[in-house]
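Reading through the structure tokens given below for one structure.
Below, chains carry the letters A, B, ... as their sequence lines are ordered, and counting in each starts from 1. No experiment lies behind these values; they were computed from the predicted model shown.
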Protein chains: 2
Amino acid sequence: MTTNASPTSVDRILTAATRIAQAHGYGGLNLRALADQVGIKAGSLYHHFPSKADLAAAVARRYAEDSAVVLAALEADTGRPELALRRYPETFRRSLENDNRMCLCSFMAAEYDDLPAAVQHAIQAFADINVAWLARMLQAAGLAGAKPAHLRASAIFAAVSGAQLMARGKADIALFDALMDNYRAAGLFSA
Amino acid sequence: MTTNASPTSVDRILTAATRIAQAHGYGGLNLRALADQVGIKAGSLYHHFPSKADLAAAVARRYAEDSAVVLAALEADTGRPELALRRYPETFRRSLENDNRMCLCSFMAAEYDDLPAAVQHAIQAFADINVAWLARMLQAAGLAGAKPAHLRASAIFAAVSGAQLMARGKADIALFDALMDNYRAAGLFSA
DNA sequence: ACCTGAACACCGTTCAAGT
DNA sequence: ACCTGAACACCGTTCAAGT
């Protein structure tokens, strides 16, 4: 059990880097700008992480872990899998509310070819965590059907990701909400 | 009517730049690498375009125009709007086949905040063209329903974009196909 | 008209040097 | 242990100079 009296340098670096990467991606993660936000020089970052690749991998891994915690909390809070499914888009909406940011995983999926291997793996892990959670909720809600649940889960994940991407491109959260309503009406999260 | 005996320098630049941008985005579009592919020096690019921003805007505008032509051809080829709708994902699939590339618009939607204004507008135009075409097909097929057709069209566009993003992240075209099957079964393109 | 080579400020990264 | 300043090769961009 760790105390959190005041965040460590590494924590502050990871938090700032996550926010930058959600808005500008891996390529747009400027180490001089990041260091500025943390109050150190760019060279000092290399005392905490051996390279930008390692820093970004740490960011992506922590992002995936945090996502798992959020999903577990959503499951526990709602109690019912049907409700948890319907509220799944909330985390994606929260990124848009937060200065039109994106899911780190979606941005980096676009940048995939230019990503260091460690970051690629962390991104895969994020997607896997989300799909596994969705598949479990679908099955618990008795919505698995004939097709494999993980495929249905992937369809939900892709649709929500695409809606976030489109809403961000138009800087229009109302569009994201309208798309989610449309998907709900089409039975994407239920029937 | 223009002849196309041999492509102009500008054409060759735009074609190469489009391919690079589909794989690496605006930020990943390296002018020295682009110039190399075309067989000139980076500085020479500025004789054809006043800046990287203008070059990218030209790329995005041509991409949107080409997309309009492809959609018109799909409409004409199939004759029936229901069939045109079902075959809509083909263009997105083609990008993935082409060295795991993405729709330029999706990549740049992620990069939106870092894009020059002219590029942002061209990206919006691409999305608008796609949504308008989809809405027209939905209406022609009598699938408009109570909700506005452009919203239903946006839902299709977002879902296909998200599926492409996810399939690219896994470098797995079969996943894209499976997701499209899933969406078709759910009635996204029809019922 | 079209191209080059050299230069500018900026990036990721390294490293000697400080405390 | 943690940080800085200066340096490296690389980027977008400019521009004088060539043909």
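Partners of A:D77 according to the side chain to side chain contact (heavy atoms under 4.5 Å, CB included) rule, which considers only residues two or more places apart in sequence or in another chain, do not exist here. Residues meeting the side-chain hydrogen bond (donor to acceptor under 3.5 Å, both in side chains) test with A:N98, sequence neighbours left out: A:R19. Applying the side chain to side chain contact (heavy atoms under 4.5 Å, CB included) criterion to B:A53, with sequence neighbours excluded, gives B:Y26, B:S51, B:P116. Judged as a side chain to side chain contact (heavy atoms under 4.5 Å, CB included), and not counting sequence neighbours, B:A125 has no contacts. Remark: B:Y112 engages no residue in a ring pair (Phe, Tyr, Trp, His ring centres under 6.0 Å) (not counting sequence neighbours).
A sub-4.0 Å separation between OP1 or OP2 of D:dA1 and a side-chain N or O of A:H48 is absent.
Scanning residues 12-20 of chain A for heavy-atom distances under 4.0 Å to DNA chain C yields an empty list.
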N/O donor-acceptor pairs under 3.5 Å from side chains in residues 66-73 of chain B, not counting sequence neighbours:
| from | atom 1 | to | atom 2 | distance (Å) |
| --- | --- | --- | --- | --- |
| B:S67 | OG | B:N130 | ND2 | 3.4 |

Using a 3.5 Å cut-off and no angle test, enumerate the donor-acceptor pairs between side-chain atoms of residues 37-49 of chain A and protein atoms at least two apart in sequence or in another chain.
| from | atom 1 | to | atom 2 | distance (Å) |
| --- | --- | --- | --- | --- |
| A:S44 | OG | A:K41 | O | 3.4 |

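Rounded to whole Å, the distance from CG on A:L45 to P on D:dC3 is 9 Å. Residue B:D114 contributes atom CG, which lies 13 Å from atom P of C:dC11 at whole-angstrom precision. If you measure from atom CG of A:D36 to atom P of D:dG5, you get 12 Å, rounded to the nearest angstrom. A:L34 has its CG atom 17 Å from the C1' atom of C:dC10, to the nearest Å. Straight-line distance from the NZ atom of A:K41 to the C1' atom of C:dC11: 15 Å, rounded to whole Å.
Counting only heavy atoms from C-beta on, B:S9 has its side chain closest to C:dC3 among D:dC2, D:dC3, C:dC3.
Applying the side chain to side chain donor-acceptor pair (under 3.5 Å) test to every pair with at least one member in residues 180-191 of chain A, sequence neighbours left out, gives these pairs: A:D181-A:R184. Residue pairs meeting the ring-ring contact (aromatic ring centres under 6.0 Å, His included) criterion with at least one member in residues 90-109 of chain B, sequence neighbours excluded, are B:Y88-B:F92.
The pair A:D54-A:R61 does not meet the salt-bridge criterion, since no charged nitrogen lies less than 4.0 angstrom from a carboxylate oxygen.
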Inset, instruction - For nucleotides 12-19 of chain C, just jot down a letter per nucleotide in 5' to 3' order: B, S or -, based on protein non-hydrogen atoms under 4.0 Å. - result: BBB-----
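Scanning DNA chain D for stems, defined as runs of 3 or more consecutive Watson-Crick or G-U wobble pairs whose donor-acceptor distances all fall under 3.5 Å, gives the following ranges: C:4-8 with D:12-16, C:12-16 with D:4-8.
For the atom pair CG of B:L138 and CD of B:E82, the computed distance is 10.5 Å after rounding to the nearest 0.5 Å.
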